[in-house]
Amino acid sequence: MELSDFVHPVDILLEEHRKISRYITNFSDLLENPDEWEAAIQNAVKLINHDFVQHERREAILVDELEELMGKIGPLEMVEKEHRQLDSLRKRFNLALEKMDLSTVSGDDPEVLELLEIGNRLIWAKKSHFFKDERFLFAAARGALAPERLQEITWKMEAI
Ligand SMILES: [Fe+2]
Ligand SMILES: [Fe+2]
């Protein structure tokens, strides 16, 4: 493999942060128009249960590598704590979604509003969490991991 083909695993994750941030803006635009509630729900489900999950699985590879190397140091613990908080918000979102029959509700039903409120909270919590990933997790990864480990992490991420 040419050296120029190498993609740093942190760059893969940063690109996902950028992509997800753009989707979050679309979701917020939908929320501003009550007639777009069905599209807003679809958008939230895709973000929360697909894009977020895929990103988290890739990021977990990096977290595991760093913990193996450095132990459970404070900054990594803080990032992991936020991951757990985001997970529990996701569970709340999916529980609210399961209880609803989207074919019979309308945009001003309290359950729709509650679902969108949880989705909105989770999506913005995720966006503000990106700062911690970048400041602590990604900075540690750039400084601590040996080049041969980086390549293997990238391959593992690309396989997801
Ligand atoms: Fe992240
Ligand atoms: Fe994260």
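Remember, it's 1-based here, ligands and their atoms both numbered in the order they're listed.
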Original post:
Are the aromatic ring centres of F138 and H17 under 6.0 angstrom apart?
Top reply: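 F138 vs H17: aromatic centres under 6.0 Å.
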
Original post:
In degrees, rounded to 10 degrees, what angle do E59 atom OE1 and H83 atom NE2 make at the Fe ion (ligand 2)?
Top reply: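 My answer is 90°, to the nearest 10°.
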
Original post:
Are D87 and R84 ion-paired here, with the side-chain N under 4.0 Å from a carboxylate O?
Top reply: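 No, this pair does not count.
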
Original post:
Under a 4.0 Å N-O cut-off, is there an ion pair linking E15 with K19?
Top reply: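 Salt bridge: no.
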
Original post:
Do any of the N/O/S atoms of H129, backbone or side chain, fall under 2.8 Å from the Fe ion (ligand 1)?
Top reply: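 No, outside the cut-off.
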
Original post:
Quick check: does D133 put an N/O/S atom under 2.8 Å from the Fe ion (ligand 1)?
Top reply: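 D133 does place an N, O or S atom closer than 2.8 Å to the Fe ion (ligand 1).
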
**OP:** Using the Fe ion (ligand 1) as the apex, give the angle to atoms NE2 (H55) and NE2 (H17), rounded to 10 degrees.
**Re:**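 Roughly 90°, rounded to 10°.
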
Original post:
Do side-chain atoms of D109 reach the backbone of E111 as a donor and acceptor pair under 3.5 angstrom?
Top reply: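 No, the answer is negative, given that no donor and acceptor are paired below the 3.5 Å cut-off.
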
